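Reviewing the structure listed below.
Since this is a predicted model, take the numbers as computed values, not measurements.
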Amino acid sequence: MLSPPWRTGAGFKWDGYAGDVTLRRLEANLQKRGGEVRRGTRVNALSRSGSHIEVQAAQPEGAVTFRAEAVVIADGGFQ
């Protein structure tokens with residue numbers, strides 16, 4: 001469950017709760033394991049190349065190709 005517990009009283013202290021904290025923790029864990037987060041990247045195609053996944057994508061700087069053992073697809077929004 002990712003929703004914070006019900007808060008009552010003055011102040012409504014939210015530090016350490018909510019989706020943004022969860023996403024920061026997930027990103028830190030991914031980076032700790034050697035992964036990268038590529039914000040602003042639009043994936044155009046995924047294909048398997050042997051034991052790797054080939055990602056053809058567009059970034060603000062232009063077209064790029066990545067090779068990875070695994071890919072996490074996150075399409076935005078945590079509403």
Across all chains, not counting sequence neighbours, the side-chain contact (heavy atoms from CB on, under 4.5 Å) partners of T65 are E54, Q56
Distance col, row R67:CZ vs S47:OG, nearest 0.5 angstrom, shows 9.5 Å
Of all heavy-atom pairs linking Q59 and T41, the shortest is NE2-OG1, 3.0 Å
Does some side-chain heavy atom of E36 sit less than 4.5 Å from a side-chain heavy atom of F66? no
Pair R33-N29, side-chain donor/acceptor within less than 3.5 Å: yes
- Task: Indicate yes or no: at least one non-hydrogen side-chain atom of V43 is less than 4.5 angstrom from one of I73.
- Result: no
Taken in chain and number order and not counting sequence neighbours, the residues that satisfy salt bridge (charged side-chain N to carboxylate O under 4.0 Å, His left out) with R39 are E27
Path from V64 to L46 over hydrophobic side-chain contacts below 4.5 Å
yes
Residues P60 and G40: closest non-hydrogen pair is CD-O, 3.6 Å
